[in-house]
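Working notes for the structure below.
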Amino acid sequence: MDQATYDRETAINRKAYEQLKNQIRTEHAGKYVALGLGKVLAVAPTFDEVKAAVDQLEPIPEHVLIFPAEMEPSFELVYDF
Amino acid sequence: MPQVRWQARSDGLYWIDVALGTRSFSLMIDLGLVDLNGRVGFSVEPAIYAQLKKAGQLKDFLQQSNRDASGKIFSSESGRLAAQLIDPITFLPVGRRSAPCNERCDWRSQSSGRRFLSSFEEVSGELGFG
């Protein structure tokens, strides 16, 4: 993924999360949530189940955040040098 | 707070001894992984993550985005874990031991096979490099 795509997708997902945050926390508490393309893509009891569900999507979104419903997703880019 | 020191390597890499969950590891601190929350990154072997995950010691997994030195952006996985420094001389734990779900240890798996673990700074006690 290039920087421009990352910036664009992150902005969409950040905006979507702000709108969906309360709904995610109340409706999916105790579960993992995948957020991408500006919407909730999958919900499942475990991280691996959500990731597997995302991997089944066609095409797989380039920027997907997976997180426990009661936690904040990590929008910040982590630098690995 | 106890103070322990490790010898910096000539290649510029910093390795420290850390207990992760119930096991001890020598882990490389990746300064590039220090984030706004004070989390410190460690480079660990890919098998370690699989072992910790399989043993059920990682919690609160996240998928997020990382960028490497080439500028490539990729997705990575992380999880929470208790961690504590290990004195390299006595091999005994030093400093506070993080609560399993109060400190972060981020495990990042990459397609290159290089993997990372990071931990909240409060896990570390006093770090020193000679």
Side-chain angles (χ1 to χ4, degrees), chain A residues 1-14 16-17 21 24-25 28-37 40-57 59-81, chain B residues 12-14 28-44 49-50 52-54 56-81 101-102 104-120:
Chain A
M1 184 186 347
D2 59 34
Q3 185 70 49
T5 301
Y6 170 80
D7 290 342
R8 183 178 65 250
E9 296 286 327
T10 297
I12 293 170
N13 289 331
R14 192 188 295 270
Y17 180 71
K21 181 177 179 178
I24 288 171
R25 292 192 172 195
H28 306 307
K31 296 181 179 178
Y32 281 87
V33 175
L35 182 71
L37 303 173
V40 173
L41 298 172
V43 179
T46 68
F47 176 89
D48 289 341
E49 287 173 294
V50 171
K51 187 164 176 40
V54 171
D55 289 343
Q56 295 294 317
L57 297 175
I60 299 175
E62 291 200 76
H63 183 251
V64 177
L65 297 163
I66 301 177
F67 54 98
E70 58 275 17
M71 290 177 58
E72 298 274 333
S74 180
F75 290 103
E76 303 302 324
L77 195 58
V78 178
Y79 294 89
D80 291 339
F81 297 140
Chain B
L13 302 179
Y14 295 85
M28 185 182 76
I29 296 178
D30 189 323
L31 297 180
L33 280 179
V34 177
D35 68 9
L36 297 174
N37 294 318
R39 291 178 291 190
V40 180
F42 306 107
S43 179
V44 296
Y49 180 65
L52 292 170
K53 189 173 182 179
K54 187 176 181 181
Q57 297 197 26
L58 293 170
K59 298 179 179 181
D60 295 338
F61 297 94
L62 294 174
Q63 177 169 298
Q64 56 198 48
S65 296
N66 290 37
R67 183 165 68 185
D68 64 18
S70 73
K72 180 184 175 186
I73 297 174
F74 53 91
S75 294
S76 63
E77 178 183 324
S78 67
R80 290 179 187 260
L81 173 69
C101 289
N102 290 337
R104 289 203 54 76
C105 283
D106 289 353
W107 227 113
R108 302 187 174 90
S109 59
Q110 304 175 37
S111 57
S112 65
R114 188 182 179 208
R115 297 189 171 191
F116 296 96
L117 183 71
S118 70
S119 166
F120 275 150

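Order of the sequence lines sets the chain letters (A, B, ...), proteins ahead of strands, with each chain counted from 1.
For A/Asp2, the part sitting under 4.5 Å from any heavy atom of chain B is the backbone (N, CA, C, O) and nothing else. Looking at A/Glu72, only its backbone comes within 4.5 Å of chain B, counting heavy atoms on both sides. Proximity to chain B is absent for every atom of A/Val50, based on heavy atoms less than 4.5 angstrom apart. If you measure heavy-atom distances from A/Phe75 to chain B, you find no contacts under 4.5 Å at all.
Ring geometry, A/Tyr6 versus A/His63: the interplanar angle exceeds 60°, so the pair is classed perpendicular (tilted spans 30 to 60°). Note: A/Tyr17 and A/Phe67 have perpendicular aromatic rings, judged against thresholds of 30 and 60 degrees for the angle between ring planes.
The closest donor-acceptor contact from the side chain of A/Tyr32 to the backbone of A/Lys51 lies at 3.5 Å or more, if one exists at all.
Across A/Val54 and A/Ile60, no two heavy atoms sit closer than the pair O-CG1, 3.9 Å.
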